[in-house]
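Sequence positions, counted from 1, serve as the residue numbers for this chain.
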Amino acid sequence: MPCRQSYFDGLRRLDYPPELISLGLLESDSRDGTYAAFQSEVKKLQDHYASARLWKKDFGFHIPPGSNRWDRGLQKDRRSVLARS
């Protein structure tokens, strides 16, 4: 959760006029409560920014245990999911 929280804390620290910012977040394939946490945070941001929306679309891609997202063998599939999202 600290990584997710630091992301939203960073959004709140932006000095660009919030009424000129629209946020769109896509969450996919998480298994750690990320979507529920994002739902809660997006609700808090909706009154602060011009708009804040969250979508969920699962692609069935999971990084195998013991692998890193930057492993060369995962890049084609990982980037394919990023492009489709």
Between the main-chain N or O of [Y] and the side-chain N or O of [X], is there a donor-acceptor pair closer than 3.5 Å?
{"X": "E27", "Y": "Q39", "answer": "no"}
{"X": "Q46", "Y": "A52", "answer": "yes"}
{"X": "N68", "Y": "W70", "answer": "no"}
{"X": "D29", "Y": "H62", "answer": "no"}
{"X": "S40", "Y": "A37", "answer": "no"}

Notebook entry, point to check: Are L23 and Y7 connected, step by step, through hydrophobic side chains (Ile, Leu, Val, Met, Phe, Trp, Tyr) whose heavy atoms are closer than 4.5 Å?
Noted result: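 L23 and Y7: one cluster.
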Notebook entry, point to check: When hydrophobic residues are tied together by side-chain contacts of less than 4.5 Å, even through go-betweens, does I21 share a cluster with F38?
Noted result: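 Yes: a chain of side-chain contacts under 4.5 Å links I21 to F38.
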Next item on the list: Taking all heavy atoms of L25 and all of V42, pick out the closest pair and write down the distance.
Entry: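 Heavy atoms of L25 and V42 come nearest at CD1-CG2, 3.8 Å.
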Next item on the list: Give the minimum heavy-atom separation between L74 and S67, together with the two atoms involved.
Entry: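 In terms of heavy atoms, the two residues are closest at CD1-CB, 3.9 Å.
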Checklist line | Criterion side-chain contact (heavy atoms from CB on, under 4.5 Å) on F59 and R84, from CA distance to verdict | finding: CA-CA 9 Å; F59 295 94; R84 286 186 285 158; 3.8 Å; yes
Note to self: The test is salt bridge (Lys or Arg N to Asp or Glu O under 4.0 Å); show your working for D15 and R13 and say whether it passes.
What the structure shows: CA-CA 6 Å; D15 59 3; R13 286 193 304 271; over 6 Å; no
Notebook entry, point to check: Does NZ in K57 sit with more than 12 non-hydrogen atoms of other residues, nucleotides or ligands closer than 6.0 Å?
Noted result: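 No.
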Notebook entry, point to check: Does atom CZ of R12 have more than 12 heavy-atom neighbours, drawn from other residues, nucleotides or ligands, at distances under 6.0 Å?
Noted result: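 Above 12, so yes.
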Notebook entry, point to check: So do the side chains of D71 and P64 get within less than 4.5 Å of each other, counting heavy atoms only?
Noted result: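 Counting from C-beta outward, D71 and P64 never come under 4.5 Å.
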Next item on the list: Measure the shortest side-chain to side-chain distance between L11 and L45 over non-hydrogen atoms and say whether it is less than 4.5 angstrom.
Entry: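 In short, these two side chains touch, coming nearer than 4.5 Å.
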Item checked: Full working for side-chain contact (heavy atoms from CB on, under 4.5 Å) between L54 and Y35 -> CA-CA 9 Å; L54 172 65; Y35 185 73; 3.5 Å; yes
Next item on the list: Show your working on side-chain contact (heavy atoms from CB on, under 4.5 Å) between E19 and Y49 and close with a plain yes or no.
Entry: CA-CA 5 Å; E19 65 276 8; Y49 293 100; over 6 Å; no
Check: How many angstroms lie between atom OG1 of T34 and atom CD of E41, to the nearest 0.5 angstrom?
Finding: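 Answer for the OG1-CD pair, T34 versus E41, is 12.0 Å.
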